[in-house]
Each structure stands twice: as C-alpha cells, then as structure tokens.
Amino acid sequence: MLDRADRIRHDPEAFAAATGDWRAKLLKLENFEPELDAEGQLGWTSLADAPEDAELVLLGLDSGKPHFAAFTPGMRAPAGRSMRLFGLLDRFAPGEAATYAAARSVLDWHSRHQFCANCGTQTAMFRAGWGRNCPNCQAEHFPRVDPVVIMIAEHDGRALLGRQPAWPAGRYSALAGFLEPGESIEEAVAREIMEEAGVRVSGVRYIASQPWPFPSSLMMACVGMAEDDTITLDTNELEDAIWVPREEVQRVLAGGEGSFLAPPPYAIAHTLLTAWAKG
C-alpha cells in the first residue's frame, strides 16, 4: 500500500483508479485545527481541493477508501494549546478522533523535523508521508511517539488527584509525566508520583492507553498502591493534591456533587478514574 501511495503527488488520478476509488478524501488541517461542518463533523473535501504546494500523507483506508492529510511546507503548529480545540474533542463522530489524532501527530512531526538530524540538510517526504529522507547522507527519519505515564495512587480506598493552575477552577485529575531513558512504565509511575506529591508507591498495575496528539504522545494509565498518605507537594508541578474516597469519585463521575470537577470524558484520566472507581 505504501509503494502505491507514493504515487499520490505525481498522479492522483492513477492512484484513485488503482484503488477503485474516485472519491478519495482529504483531511485538511489548517494550523493543525480540525475543520468542522455545520453538524460539527470533520470537514472532508475532495483530493482535487488540496493546495498545489501540499504534500499528502496517507492516513490509511476506511471502508476501502484512502484518507489523506495535507501538509504545506512551512506549516507551523500554533503556540500553546488551543482551548477551542479541546472544546471540540467530544464532538467528533466515532472513529474521527483517532483519524484526527493520527493526522495532527504526523503533520506536527513534519513541521518540526524538516531538516536531517545527522547532517542538517533539508529532507523530503517518502513512504507516503510516514518518513523523511535526506538527499545528502541518505539518512531516513520516521515519526516519533513520546511515552507518557498518567496515574493515580491508591491508599485506603482513596485516590490521589492533583491540579494545575491553568485548569478550570475545581478540576482535579491524575498525575502525569514523560518516561525517561532506561525507565520501565512502573518505574516512571513511582518516580513521577514521588516527585510531584512525595508519595511512595509500589504494586503498579496497568489500566489502559490513549494516543494524545499534543503533539504526539502515548498516554499509559496506571494505578499504584501508596505506602502512606502524607503529601509533600512540588509546587513547580502542582497547585494542589488531595485524597478522594472511592464513593465520592463514583458520585462525581455520575454527575453528582463533590469536592472536585472530574476530567472530561475524552481524556484518559476520566477512563482511569472510572476503572478505579469500579473497584
């Protein structure tokens, strides 16, 4: 499929004919923001509407139809996170969030990695946009994914939650941090909880994972058993941290009152809390 997809830029009609699909669709991400139609769905346009200077990235086939993302050389991601985008995430139709995550991640990678890390020469797309090749030293570069642990500590039927100053008032969520070289998932969970809240944990267990394209992370949700409940807060990382009983977490997730606001449903922190609340 990749060999065939490399023909897109040179002969899109031949590619469409080869796949038996004359309705090939293009996902255009202007500055990495999704285009939504009047019904709030992702805006899909025809392949012919791609800008002349756009490089096309094959995202894959959906019901036998190829889907593409368009990368325009010089495209840059906006500074900081877009609050507008986060407000739209829960409006995606089933499957479209994953399509958007793949598109945003790979386009962001292209914007940040246009020059060879080995010799500094400007690189060019190959493998249908899932790699860049250096014409000078022939080095090949591929999209990266950054592993992130997101976790709660459990102690005596309570979950440890923290908050950052930028979050909406009252919102508390799971702690999180990037894996460091040479670490296992379990080691990263223990280190991050210790660094941010001063709580020592063991018996770490994995719950679930989620791609998070801001810019290109894989969130791995876990629960660790705390040895005690004494919190020593790192105020450079967190504004506050609290222990919340399982009954209160269940009530808040069900829409009831509590001492905190839960993370939004599209976030893996919500999935993690839900799994823990079930016991």
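The structure displayed is predicted, hence computed values, not measured ones. The chain is numbered in sequence order, starting from 1.
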Enquirer: Please step through side chain to side chain contact (heavy atoms under 4.5 Å, CB included) for the pair Val149 and Glu186, ending with a clear verdict.
Expert: CA-CA 9 Å; Val149 288; Glu186 294 83 358; over 6 Å; no

Enquirer: Is the number of heavy atoms from other residues, nucleotides or ligands within 6.0 Å of CD (Gln138) greater than 12?
Expert: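 Yes.
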
Enquirer: Please determine whether residues Leu218 and Leu179 belong to a single hydrophobic cluster, defined as Ile, Leu, Val, Met, Phe, Trp and Tyr linked transitively by side-chain heavy-atom distances below 4.5 Å.
Expert: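 In one cluster with Leu218: Leu179, yes.
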
Enquirer: Main chain of Ala262, side chain of Arg171: is a donor-acceptor contact present, judged purely on distance under 3.5 Å?
Expert: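 Yes, Arg171 side chain to Ala262 backbone: donor-acceptor pair under 3.5 Å.
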
Enquirer: Under the salt bridge (Lys or Arg N to Asp or Glu O under 4.0 Å) criterion, do Glu180 and Arg191 qualify, and how do the steps go?
Expert: CA-CA 10 Å; Glu180 295 184 351; Arg191 175 184 54 77; 3.6 Å; yes

Enquirer: When you measure from the side chain of Arg104 to the backbone of Pro215, do you find a donor-acceptor pair of N or O atoms at a distance under 3.5 Å?
Expert: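 No, because the side chain of Arg104 does not come within donor-acceptor range (under 3.5 Å) of the backbone of Pro215.
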
Enquirer: With a 3.5 Å distance limit and no angle check, can you tell me whether Thr72 reaches the backbone of Met75 through a side-chain donor-acceptor pair?
Expert: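 Checking the backbone N and O of Met75 against the side chain of Thr72, no donor-acceptor pair under 3.5 Å is found.
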
Enquirer: Is the shortest side-chain N to carboxylate O distance from Asp108 to Arg112 below 4.0 Å?
Expert: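 Looking at Asp108 and Arg112, the cut-off is met.
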
Enquirer: Which heavy atom in Ala103 sits nearest to a heavy atom in Leu29, and how many Å separate them?
Expert: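 Closest approach of Ala103 to Leu29: CB-CD1, 3.4 Å.
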
Enquirer: Can you label the angle between the Phe126 ring and the Phe142 ring as parallel, tilted or perpendicular, going by 30° and 60°?
Expert: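 Ring orientation of Phe126 relative to Phe142: tilted.
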
Enquirer: Test side chain to side chain contact (heavy atoms under 4.5 Å, CB included) on Glu248 and Phe260; report intermediate values, then the result.
Expert: CA-CA 9 Å; Glu248 182 178 353; Phe260 73 102; 4.0 Å; yes

Enquirer: Kindly work out whether a path of hydrophobic side-chain contacts (I/L/V/M/F/W/Y, heavy atoms less than 4.5 Å apart) joins Ile152 to Val249.
Expert: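 Both belong to a single hydrophobic cluster.
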
Enquirer: Is the shortest heavy-atom distance from the side chain of Glu192 to the side chain of Glu237 under 4.5 Å?
Expert: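 The answer is no, as the side chains (C-beta and beyond) never meet within the 4.5 Å cut-off.
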
Enquirer: Hey, quick one: are Val252 and Leu272 part of the same hydrophobic cluster, counting side-chain heavy atoms closer than 4.5 Å, chains of contacts allowed?
Expert: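 Yes, one cluster joins them.
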
Enquirer: Which pair of heavy atoms, one from Thr123 and one from Cys116, lies closest together, and at what distance?
Expert: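 Heavy atoms only, the tightest pair is CG2-N, 3.6 Å.
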
Enquirer: If I take atom CE from residue Met219 and atom OG1 from residue Thr271, how far apart are they, to the nearest 0.5 angstrom?
Expert: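 If we round to the nearest 0.5 Å, Met219:CE and Thr271:OG1 are 11.0 Å apart.
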
Enquirer: Looking only at atom types and distance, does a side-chain atom of Trp276 sit under 3.5 Å from a main-chain N or O of Val223, one as donor and one as acceptor?
Expert: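 Not a single qualifying donor-acceptor pair exists.
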
Enquirer: Could you measure the distance from the CD atom of Gln250 to the OG1 atom of Thr274? Nearest 0.5 Å is fine.
Expert: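 Here the interatomic distance stands at 10.0 Å.
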
Enquirer: Which distance, rounded to the nearest 0.5 Å, do you find between the OH of Tyr172 and the CG of Leu238?
Expert: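 Output value for this atom pair is 10.0 Å.
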
Enquirer: Using 0.5 Å steps for rounding, measure from the CD atom of Glu195 to the CG atom of Asn236.
Expert: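 Those atoms lie 11.5 Å apart.
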
Enquirer: If hydrophobic clusters are built from ILVMFWY residues whose side chains come within less than 4.5 Å, do Ile268 and Tyr100 share one?
Expert: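 Shared cluster, yes.
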
Enquirer: Measure the CD-CD distance between Glu196 and Gln164 for me, rounded to the nearest 0.5 Å.
Expert: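 Result: 7.5 Å between the selected atoms.
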
Enquirer: Determine whether Val148 and Trp212 make a side-chain contact, defined as any pair of heavy atoms from C-beta on separated by less than 4.5 Å.
Expert: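 No, side chains not in contact.
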
Enquirer: What closest approach, in Å, do Pro143 and Val106 show between heavy atoms, and which atom pair accounts for it?
Expert: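 Shortest heavy-atom contact: CG-CG2, 4.1 Å.
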
Enquirer: Say whether Ile231 and Val189 are linked into one hydrophobic cluster, either directly or through other cluster members, by side-chain heavy-atom distances under 4.5 angstrom.
Expert: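 Yes, Ile231 and Val189 fall within the same hydrophobic cluster.
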
Enquirer: To the nearest 0.5 Å, tell me how far Met220 CE sits from Ser209 OG.
Expert: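 If I round to the nearest 0.5 Å, the distance is 8.0 Å.
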
Enquirer: Considering non-hydrogen atoms only, spot the tightest contact between Asp240 and Ile242 and give its length.
Expert: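 Of all heavy-atom pairs spanning Asp240 and Ile242, the closest is OD2-CG2, 3.8 Å.
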
Enquirer: Please check if the side chain of Arg158 supplies one atom and the backbone of Trp243 the other of a donor-acceptor pair under 3.5 Å.
Expert: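 Answer holds: no.
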
Enquirer: Write down the atom of Met125, the atom of Leu56, and the distance for their closest heavy-atom approach.
Expert: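 Looks like SD-O, 4.4 Å.
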
Enquirer: Decide if atom CZ of Arg200 counts as having more than 12 heavy atoms of other residues, nucleotides or ligands within a radius under 6.0 Å.
Expert: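 Counting other residues, nucleotides and ligands, CZ of Arg200 stays at 12 neighbours or fewer.
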
Enquirer: Yes or no on side chain to side chain contact (heavy atoms under 4.5 Å, CB included) for His155 and Val199, after CA distance, side-chain angles and deciding distance?
Expert: CA-CA 10 Å; His155 185 270; Val199 175; over 6 Å; no

Enquirer: Are Asn118 and Cys134 side-chain neighbours, meaning at least one heavy-atom pair lies under 4.5 Å?
Expert: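 No, side chains not in contact.
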
Enquirer: Between Arg144 and Trp109, is NZ or CZ placed under 6.0 angstrom from the six-membered ring centre and within 45° of the ring axis?
Expert: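 So Arg144 doesn't make the cation-pi contact.
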
Enquirer: If I compare all heavy atoms of Ile150 with all of Ala269, which pair ends up nearest, and what's the gap?
Expert: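 Scanning both residues, the minimum pair turns out to be CD1-CB, 3.9 Å.
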
Enquirer: Would you say Leu273 and Leu253 make side-chain contact, with heavy atoms under 4.5 Å?
Expert: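 Of all side-chain heavy-atom pairs linking Leu253 with Leu273, at least one is under 4.5 Å.
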
Enquirer: Can you check whether Gly131's main-chain N or O pairs, donor with acceptor, with Glu140's side chain at less than 3.5 Å?
Expert: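 No, the answer is negative, given that no donor and acceptor are paired below the 3.5 Å cut-off.
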
